[in-house]
Every structure is written in structure tokens, then in C-alpha cells.
Number of protein chains: 2
Amino acid sequence: MGEAGQENQNLERNIADLCREFGLRLTGPRRIIMQVLSDSSDHPDVVELHRRVTAIEPTISLATVYRTVNLLREKGVLERHTFGDGRARYETTPREHHDHLIDVETGGVIEFHSEEIERLQEEIARKHGFTIVSHRLEIYVRPLKRSRT
Amino acid sequence: MGEAGQENQNLERNIADLCREFGLRLTGPRRIIMQVLSDSSDHPDVVELHRRVTAIEPTISLATVYRTVNLLREKGVLERHTFGDGRARYETTPREHHDHLIDVETGGVIEFHSEEIERLQEEIARKHGFTIVSHRLEIYVRPLKRSRT
DNA sequence: ATCTCAGATGCGTCGCATTCGCAAAAAACA
DNA sequence: TGTTTTTTGCGAATGCGACGCATCTGAGAT
């Protein structure tokens with residue numbers, strides 16, 4: 001009978017709660033988009049998200065993905081990044097802030113956090129007479145090669 | 001008759017050397033664009049650069065500014081940044097690396113450098129098995145307001 | 001279960017920043 | 001000065017993202 005909602009029942013519930021909390025409607029497209037988002041541990045851009053979403057439900061439009069992603073960002077559910085290239089990439093807001101190591105050879109993204117760097121940033125801002133609104137630290141890296149490859 | 005090339009003769013020479021070095025032709029537009037660039041201590045975007053350039057020579061097209069700026073970036077003469085907003089902003093590559101504090105209220109950019117943060121970044125990269133290719137640290141800030149203005 | 005309607009969607013279009021193609025103009029060089 | 005190759009200007013094209021509008025739909029009221 002019901003849909004295939006078996007193991008991700010709690011996930012579904014979370015999405016439902018989320019919508020209710022923000023006064024949003026729990027629509028088919030939204031359900032799927034949010035689903036895809038929480039299944040994505042990487043940092044997909046909107047077109048990639050749309051690809052994944054339409055693999056599940058081909059009628060969902062790119063515009064809706066854009067709108068949903070913006071909505072969720074406004075609500076603080078998603079974070080937007082722009083690594084070098086022009087396009088925006090998203091990740092579900094982590095409970096703990098982190099920065100990114102980007103492998104320039106593979107495009108892979110590794111998350112890290114340094115309390116020490118954070119503290120130094122605060123210090124620098126204060127020293128200049130500012131408070132930090134947000135920040136962005138991206139380290140573009142290349143694997144340490146040992147001898148031969 | 002002659003141009004106004006009086007005090008910046010050495011600059012002109014630098015530009016000429018630069019072109020020769022890279023096998024580029026020393027053209028009128030290039031001369032002016034490079035001129036404007038070295039006279040700019042802020043971080044102008046391409047449209048702003050074009051504005052400044054056309055104030056000197058109105059026939060220079062936006063496309064040429066884009067092309068020149070890309071060329072100089074490839075050659076390592078310029079650095080490109082993208083602070084939040086969509087457009088790219090440029091600065092002549094500084095001899096000493098620095099990062100940026102961006103005042104979100106005014107859009108103003110302040111440069112800073114922290115040897116300590118640099119060192120921590122190295123450490124983090126190494127710990128993950130990488131070497132740093134480049135990095136980017138932007139701190140978005142707001143002025144500390146004291147009691148009343 | 002049905003009605004109602006504000007909110008959501010799909011589609012096509014628009015705007016902005018940037019790039020491209022091509023013919024004309026300008027450097028470098030003989 | 002003539003020849004060759006690079007640059008330029010112009011306008012059109014691209015890519016990302018946002019928007020307007022007619023249509024559709026979720027979810028509370030009936």
C-alpha cells in the first residue's frame with residue numbers, strides 16, 4: 001500500500017516537522033528535494049541537485065530546486081558556498097561550523113575546524129574595530145605525493 | 001602630440017617589459033588598462049575598471065578589459081577575488097600575501113596578514129596529507145558600534 | 001469527502017556578469 | 001612600405017540565477 005517509506009520514516013517526519021515549523025507546505029517536490037539534500041554528503045550545486053531530483057521525479061523543474069534551496073538557506077537549513085567557480089554549492093547546515101579543504105585535483109571537499117584559527121580571526125576583526133558577521137576559509141590543496149606515482 | 005607620459009615613465013617601462021616578457025603586444029588599450037590597474041589601490045570590479053579606463057580613452061571596450069584582466073591573471077600579475085556579490089574584483093598581485101576583511105555595511109575591503117593563521121593552515125593541510133596550492137580567507141565584518149553615535 | 005484558496009510549481013523569460021566569433025584595426029617585423 | 005599575426009570592438013551567445021504568471025495542489029474549514 002503506502003509508499004516505500006520504511007526506514008527513512010523518521011527522516012520523512014523530520015522534513016514534515018521542518019515544513020510545519022516554518023509554515024511551509026509539505027509538497028511532493030519539496031519532499032523529494034529535501035530527501036535528496038539529506039542523502040547528499042557532498043556539496044552539490046543546483047544543477048547537480050536537479051539531476052538527482054529528476055532521477056526520482058522527472059517533472060520537477062530547475063526553478064523549483066532554486067527556490068527550495070533559497071528557502072532553506074533563508075531558514076538556516078542549508079549553507080551556500082562558492083568554491084572558486086561561479087556556481088553555488090550547498091550543504092545542510094552542520095551543527096558545528098567548519099571550513100573547507102578543496103582538493104584541486106579531484107574537486108573533493110574535506111571539512112575541518114580549527115578553534116585556534118577562529119579565535120585569531122576574532123582577534124583580528126576586533127583589532128580593526130569590527131565584529132565578525134561571517135567568514136569563509138578555503139584551502140586549495142594537492143595531495144602530498146610520495147616518491148613515484 | 002606626445003602623450004602625458006611624464007612622471008610615470010618608469011611605470012610605462014615596466015608595462016613594456018611585462019608585455020615583452022610574455023610575448024604580448026604593447027597596445028594602446030593595454031597600456032591604459034595596466035596604467036589604471038597600477039594606479040588602483042582598491043579592489044575594483046571589471047565594470048569599475050572599464051569606467052576608469054574609458055575616462056582616459058572612451059573607445060576601449062568592456063570586452064577588452066575582460067580579456068586583459070584575464071590575461072594578466074593567467075600571467076600572475078593580477079589576483080581575482082569574489083567577495084560575496086556575483087562580480088569579480090581584482091588587485092595587482094601583492095609581493096606579500098594577505099587576506100581580506102570585508103565591511104558588509106560599506107563594501108570596503110581591508111587587507112590583513114596573519115603569519116599565525118598561515119602556519120595553522122599549513123599544519124591542517126599537512127595533517128590531512130595535502131600541500132597548500134592557495135587559499136582564501138575572507139572575514140565579513142560590521143563596525144563595532146560604541147554606545148551612541 | 002469536498003470546497004476553498006494561499007502557497008507552490010512549471011514554464012518561459014529576463015538580468016547580470018562574462019565569454020565568444022568575426023571582421024576591421026593595429027603591432028611587430030621584414 | 002608590405003606582410004603577418006595579434007588585438008580590438010561590436011554584438012551576439014552563454015551560464016547562473018531570479019521572476020511573472022497561469023495553473024495546480026496541500027491542508028484546514030465545511
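So you know, we letter chains A, B, ... as the sequences are listed, proteins then strands, and number each from 1.
- Listed for the A:Thr82 side chain is no donor-acceptor partner under 3.5 Å among the backbone atoms of A:Ala88.
- Under the ring-ring contact (aromatic ring centres under 6.0 Å, His included) criterion, B:His97 pairs with B:His135, not counting sequence neighbours.
- Between chain A and DNA chain D, the heavy-atom contact criterion of under 4.0 Å yields a 5' to 3' nucleotide range of D:dC16 to D:dA27.
- With sequence neighbours excluded, the residues satisfying side chain to side chain contact (heavy atoms under 4.5 Å, CB included) with A:Arg73 are A:Asn70, A:Arg80, A:Tyr90.
- When only modelled atom types and interatomic distance are considered, A:Thr59 and A:Glu57 share a side-chain donor-acceptor pair under 3.5 Å.
- Alongside A:Ile132, the hydrophobic cluster contains A:Leu101, A:Ile110, A:Phe112, A:Ile117, A:Leu120, A:Ile124, A:Phe130, A:Leu137, A:Ile139, A:Val141, B:Leu101, B:Ile110, B:Phe112, B:Ile117, B:Leu120, B:Ile124, B:Phe130, B:Ile132, B:Leu137, B:Ile139, B:Val141 (criterion: ILVMFWY side chains under 4.5 Å).
- Judged by distance alone, the side chain of B:Arg30 and the main-chain N or O of B:Arg25 form a donor-acceptor pair under 3.5 Å.
- C:dT9 atom C1' lies 10 Å from atom CD1 of A:Ile33, rounded to whole Å.
- Screening residues 23-54 of chain B for ring pair (Phe, Tyr, Trp, His ring centres under 6.0 Å) gives B:His43-B:His100 as the qualifying pairs, with residues at least two apart or on separate chains.
- Contacts between residues 47-63 of chain B and DNA chain D, counted as heavy-atom distances below 4.0 Å, involve B:Thr59, B:Ile60, B:Ser61, B:Ala63.
- Side-chain atoms of B:Ser134 do not come within 3.5 Å of backbone N or O of A:Tyr140 as any donor-acceptor pair.
- Mapping B:Tyr90 and B:Arg25 onto DNA chain C by nearest heavy atom places B:Tyr90 at the nucleotide closer to the 5' end.
- Between B:Leu24 and B:Arg73, the residue whose closest nucleotide on DNA chain C is further toward the 5' end is B:Arg73.
- Protein atom CD of B:Glu74 is 10 Å distant from nucleotide atom P of C:dT19, rounded to whole Å.
- Set against C:dA8, C:dG10, C:dT18, the side chain of B:Tyr66 has C:dT18 as its closest nucleotide.
- Rounded to whole angstrom, the span from the CZ atom of B:Arg80 across to the P atom of C:dT18 amounts to 8 Å.
- Here B:Arg87 lies in heavy-atom contact (under 4.0 Å) with sugar-phosphate atoms only.
- Residue A:Asp45 is classed as having no contact, given no heavy-atom separation below 4.0 Å to the nucleic acid.
- Rounded to whole Å, the distance from CZ on B:Arg20 to C1' on C:dA27 is 13 Å.
- The backbone N or O of B:Asp42 sits nowhere less than 3.5 Å from a side-chain atom of B:Ser40 that would complete a donor-acceptor pair.
- Rounding to whole angstrom units, CZ of residue B:Arg31 and C1' of C:dA26 are separated by 12 Å.
- Between the side chain of A:Arg30 and the base of C:dG7 there is no donor-acceptor pair of N/O atoms closer than 3.5 Å.
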